[in-house]
Amino acid sequence: MIMGINLLLVSTETTPNLLHVTFHGVPILELASVCINLTLFLVFIAIVLARQVAVCYGRIRLRKEDSSRNSAAIRYRGVVDGEEIQSLVIGKSYKISLFCCLYVLLVQISVLGFDTFRVLRRGKAHWTVILFPASQSLAWFVISFSALYCKYKALDKFPLLLRIWWVASFVICLLILYADGRGFLAEGSTHLSSHVLANFAVTPSLVFLCFIAIRGVNGIEVCRNSSLQEPLLPEEEAGCLKVTPYSEAGIFSLATISWLNPLLSIGAKRPLELKDIPLLAPKDRSKTNYKVLNSNWEKLKAENPHKQPSLAWAILKSFWKEAACNAIFAGGNTIVSYVGPYMISYFVDYLGGKETIPHEGYILAGIFFTAKLIETLTTRQWYIGVDILGMHVRSALTAMVYRKGLKLSSSARQSHTSGEIVNYMAVDVQRVGDYSWYLHDIWMLPLQIILALAILYKNVGIASLATLIATIISIVATVPLARIQEDYQDKLMAAKDDRMRKTSECLKNMRILKLQAWEDRYRVKLEEMRGVEFKYLKKALYSQAFITFIFWSSPIFVSAITFGTCILLGGQLTAGSVLSALATFRILQEPLRNFPDLVSMMAQTKVSLDRITGFLQEEELQEDATIALPRGISNVAIEIKNGEFCWDPSSPTPTLSGIQFKVEKGMRVAVCGVVGSGKSSFLSCILGEIPKISGEVRICGNAAYVSQSAWIQSGNIEENILFGSPMDKAKYKSVIHACSLKKDLELFSHGDQTIIGDRGINLSGGQKQRVQLARALYQDADVYLLDDPFSAVDAHTGSELFKEYILTALATKTVVFVTHQVEFLPAADLILVLKEGRIIQAGKYDELLQSGTDFNTLVCAHHEAIEAMDFCNQASQDSDEPDSLDKKCDSVGMGKEVQQGISTSDQKAIKEKKKAAKRSRKKQLVQEEERERGKVSMKIYISYMTAAYKGLLIPCIILAQTLFQGLQIASSWWMAWANPQTTGDKPKTSSMVLIVVYMALAFGSSWFIFVRAVLVATFGLEAAQKLFMKMLRTVFRAPMSFFDSTPAGRILNRVSIDQSVVDLDIPFRLGGFASTTIQLLGIVGVMTQVTWQVLLLVVPMAVACLWMQKYYMASSRELVRIVSIQKSPIIHLFAESIAGAATIRGFGQEKRFMKRNLYLLDCFARPFFCSLAAIEWLCLRMELLSTFVFAFCMVLLVSFPHGSIDPSMAGLAVTYGLNLNARLSRWILSFCKLENKIISIERIHQYCQIPSEAPAFIENSRPPSSWPENGKIQLIDLKVRYKESLPVVLHGVSCTFPGGKKIGIVGRTGSGKSTLIQALFRLIEPAGGRIIIDNIDIATIGLHDLRSRLSIIPQDPALFEGTIRGNLDPLEEHSDQKIWEALDKSQLGEIVRQKEHKLDTPVLESGDNWSVGQRQLVSLGRALLKQARILVLDEATASVDSATDNLIQKIIRTEFKNCTVCTIAHRIPTVIDSDLVLVLSDGRVAEFDTPARLLEDKSSMFLKLVSEYSTRSNGIPDF
């Protein structure tokens, strides 16, 4: 349009009355308008007629097909395309558009009336005067009707014809306005007429309508009823059912990225949610890409099994079509970008007065404009293509790594910790995906260099050879630097892996760290690991700064060499050739600067590909480890022949050997043996988990597996029980009953909808185990493998479970169960006794008892424990026989009583609870991950900028960048000014002065770049370290409730991904933003210096840019936040699946978990794809604006009379202007990316604000060093709740534990036993009441002082990766001799002495190379070393056999005889010899007295528990 005006401007100079030419008295422009309007009117009529014909034809066909359905053929007005419209929201823009149309129509009708009146009455005017207003009135009547029709038809876009009409009207209006303006200046007020005034009056309306026409969206929001649509994914949110418009967008929509408009307009109105983001097209989904890549990878593996397959080749084979299509855009873009530099010399010549063809200036301006336009469009398509390619590769690779994680063999699993595997996915896969950005650089770099040399050869002749040599030198110089950089990157990644592994372990075991008061020690360890990482980070960032300096200097170096050579060879430089060369160098700068990035990215990608390939090549579980037969084919359920198995293939002694074993269908098999005899390994060999050395394992039907350490998924209880199976209410109820879960679910405020925290944190040990059992039972398998399922539950629940679960629910199934409870053995059809990995005895209970040996030892140990309860029997014998029988029945029946006959008042309470639960979904323990909304607060930027040296470096960085930019412009200006305008003119200085001044200015500017790069790196390092330390300290000081309610994945996300962004990304983004801003100001400055008129466009353009940027940021910010949140569930599922891989495989659920992973990947890819497209959407619009500004500048330069402007200065303006669109989009992009990255700081900042638990030390109230001397514990009206929003768990507990006594704490599962212990250690602060130990209220002293004086052996034994010594004494306070003593006392001395490394024997992650019983003994060793006056045993012997349990009890009696020992136990013999017993029920004290007194009381709960236990132990046949 601007060109059109200028062409008119030019032509008016030659023929002044062109615009006022009339045709039969009608001005030519008005005539053109009449023609255009009539043409568009005819097109409109044709479209309407065509539609009517189509509708009629459709109706006739329908009548022919089925006359009965005639009425259905007429579509109901409120239904559009099969969707019912619920409501229409009419936006402001639609209302204003309609008003503008009606206003213009009114004006045109008024003019028509006025002109008609003049023609008829006075005969003053010719009839042709009314042609223009008549055509306008007709046109605007049709336009207004079309605009109204949009509302009637519920269209959310204006029709294309209408938009074209508006744009055409606006262009004509402008041209007429221009002509009238000139006429008014020439003729004065005589030129005014009704047409002139009308045209002037409608201009504002047409400006607005033109803007709306370009946007396309009309402001009508249509809310459709989606009940008629089928969901695309079973797990998809109901809210979002539309597939992205990208998949079906037309060419125009793709080129302008306008398919994204609907989403951005929602984002501008309110913060976006995940449900607003459309689904990916099927071809972009993870499943599609995973299938393609996986099949190519498997083909490559099959082609040459002995050679390592190339993952890179598999990726290329899978995605080559996308890459090739992308290469076309990349190549086109490269070629077009060199048009500008090539044409500059002609342009300078033209301005200097050399015109070779007519209108050459306008032709040149047109070529520049077209080239820039094509460059802009191709750049955006290239970048979007690259992003999509990267997304496909990432999704496919993540899915492959996940699938591999589920299939790893045990030995492979030991060589990759879960932290490492998560890193493959979070870091390595990400890096391989990011490589798509550099994919085309390999072939584009030579192409760019060749094009540059061709242009230089034209300008500087043979001196271009020097350019080539200088370019090669500058590329070669960076190769060693890139190598060093890569080396530092490798070391940085390794250090990061170590830190992440340790962090993950600390988060997993935070409860133990806090209970043992070790958190400071482990925090310091992490800080030391961060120190190592920081050392390499420092080297990496400073080497990066040096590379930045070299690459900003390389174009300066290349240009100095080129010009120097040219002058030495006596070549004639002119302003045109110099400017053309400078523009070429500037374009060449990009590939040169990208080269080290390319080299280091190739190296990093290769490292990542090798790591992933190595992982994908790891050994998988043996496919033939077990032979699975279909159900019903054989009567033998499990058979093992000559089985030999070993966890560690390199070990000389196998884990299990000589296993001969056969189980008929429906048999119950019990497996027993001492700690470490290979019981769990025995179940693993049936599952095929343990590597088979020889033999054969057959299993008939499908299996269900319950592991010893409960594996619970995060999600609600119902999801855990169903485990992917459909809900069957009746079956579900019977499962809940069989697992004694009914009462527990009623205690939860949300019932079975209660969300379980990370690793089942808000369930007690017994509840976790029973949820596992329920999961197994619901699957309705043929073979059940249960690994010590009764150890974590109390005696009553245990016998209830055994009766309801194993004897009733699984009566017809084949069951193999490991147990330490001797009392359950008589009910087994076959008992296997294991010792040192061999089955040493097998048979029925009575047979084995008669044969003596090891089985006898186990049973005797159990009987010893029972005999300790002798007085229990005496107490019972006081009553007569029938009564004791009643007792027996009563005790067994109690579970049912609990489950069915809850009193009416209780039922009411439960109903109330359920209502409350519905009201308050908010009160769940684990909440949705929080995210900020709206703008990133300025506080975050300021907190980051002042984090390092109080922000003093920021002004220095800006100053260095400004000086660099100033000197660079000066050097270019010097070369353009000092050289002659055209060949033959005289140069203004000598060649020597010319080149010396140029080099001084150029190298001066590069020195400032070096200063800036070093300052940015220094600033970034300091800020990153401060933020990390602050976050780490805050997280470690957080209360336990924070870890219970925050999945570890969320915290890991902050310390890995977000911290990486702060370490490596943000400082350079900040520096980049500052430098681009200053460059942009420099470019605009140079252009306005030459043509100040550019300012007229630059100011509105800047306003438009800022408006668009604001419009875009509203959506982009939320998209990036959603992306960060959607990343956590992927990592979380990954870590969770790897931890529970054995259970997932045991149930054969790999496929379901794979699907879940693909679904989560798509949930992540949806917002990710939209956020990438949004950046391109913005850049395209910015670049188009700047392209128009550049074209305007060119046209102005061409329009000036010759000689009125210095050609070399004009050339300089064009040289810089060529860069305007790239710089502008780079500026906006760097700002948006900076804001998107700053969200990482916002997320870290969130974790720096976590409220801390009570202080570790309170200086003025520290307890004496000998405290507690006596060990007396007083509980006074203790009330405890887990969280403000959750109900009270302990209701006013009051009692006193005398010092030096043994206190047993018993009660049903979920009665508040473990909560009481947590309150004692202040893991939970009491909601009311006090705890006093030796006259000191524990709430008044520091947490470290309290916890370090108490000792605990917890329910879940946790070992840390490292050595046995490090696990027993992490604070390094004890000598080796003391450690050996503790090991001997805890029965581990012999085992450790047999190991090669003794105390330095390695402990793998989570202590996986030690059995659960052995881990429990290590916990005992810790307590023995600590020698505290108060010892708490929380289910400490649940995972060991009776013999070991008795031994532990003896050790505790002797070693802790003067200590207060509080024991929570389900095994009654463990607490029967206590001095006092506390019985808890529903968080209240039910009984508290000596065991003897409680047993005398016939109504006591304790008596019920004891008689129940002895009934179970002696009277198994009663089952």
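One is the number of the first residue; the rest follow in order along the sequence.
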Would you check if the side chain of [X] reaches a backbone N or O of [Y] as a donor-acceptor pair within less than 3.5 Å?
{"X": "K404", "Y": "L616", "answer": "yes"}
{"X": "N289", "Y": "R285", "answer": "yes"}
{"X": "S707", "Y": "S709", "answer": "yes"}
{"X": "K496", "Y": "S1056", "answer": "yes"}
{"X": "Q779", "Y": "L722", "answer": "yes"}
{"X": "N702", "Y": "D782", "answer": "yes"}
{"X": "Y424", "Y": "T398", "answer": "no"}
{"X": "R403", "Y": "M1154", "answer": "no"}
{"X": "S504", "Y": "M500", "answer": "no"}

Q: Kindly determine whether K502 and E505 satisfy salt bridge (Lys or Arg N to Asp or Glu O under 4.0 Å), including the steps that lead there.
A: CA-CA 5 Å; K502 202 73 192 160; E505 188 176 59; 3.0 Å; yes

Q) Taking only residues two or more places apart in sequence, or in another chain, which ones meet R698 in a salt bridge (Lys or Arg N to Asp or Glu O under 4.0 Å)? A)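 If we apply the salt bridge (Lys or Arg N to Asp or Glu O under 4.0 Å) test to R698, skipping adjacent residues, the hits are E696.
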
Q. In chain order, what residues pass the salt bridge (Lys or Arg N to Asp or Glu O under 4.0 Å) check against D780, with sequence neighbours excluded?
A.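 Only K813 meet the salt bridge (Lys or Arg N to Asp or Glu O under 4.0 Å) criterion with D780.
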
Going by the rule side chain to side chain contact (heavy atoms under 4.5 Å, CB included), which residues pair with [X] if we only count those two or more places apart in sequence or in a different chain?
{"X": "S436", "answer": "V386, L389"}
{"X": "T613", "answer": "W297, Q308, L311, Q617"}
{"X": "N1157", "answer": "A399, Y402, I1130, L1133, L1161"}

Q) Is the charged tip of R1152 near the ring of F723: under 6.0 Å from the six-membered ring centre and within 45° of its axis? A)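 Yes.
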
Q) Nearest 0.5 Å, what's the CG-NZ distance between L1158 and K287? A)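 Interatomic distance, L1158 CG to K287 NZ, rounded to 0.5 Å: 7.5 Å.
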
Q) Counting only heavy atoms not in K665, do more than 12 fall under 6.0 Å of its NZ? A)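 Open.
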
Q.
Counting only heavy atoms not in K731 (residues, nucleotides, ligands), do more than 12 fall under 6.0 Å from its NZ?
A.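 Yes, NZ of K731 has more than 12 neighbouring heavy atoms, counting only those of other groups under 6.0 Å.
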
Q) Side-chain donor-acceptor pair under 3.5 Å between S409 and E620, yes or no? A)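 There is no such pair between these side chains.
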
Q) Given the rule in the side-chain hydrogen bond (donor to acceptor under 3.5 Å, both in side chains) test, do S680 and D787 qualify, once you have shown the distances and angles that lead to the verdict? A) CA-CA 6 Å; S680 298; D787 194 350; 2.7 Å; yes

Q: Check ring pair (Phe, Tyr, Trp, His ring centres under 6.0 Å) between Y705 and all other residues, then give those that pass, not counting sequence neighbours.
A: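 Result, ring pair (Phe, Tyr, Trp, His ring centres under 6.0 Å) vs Y705: none returned.
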
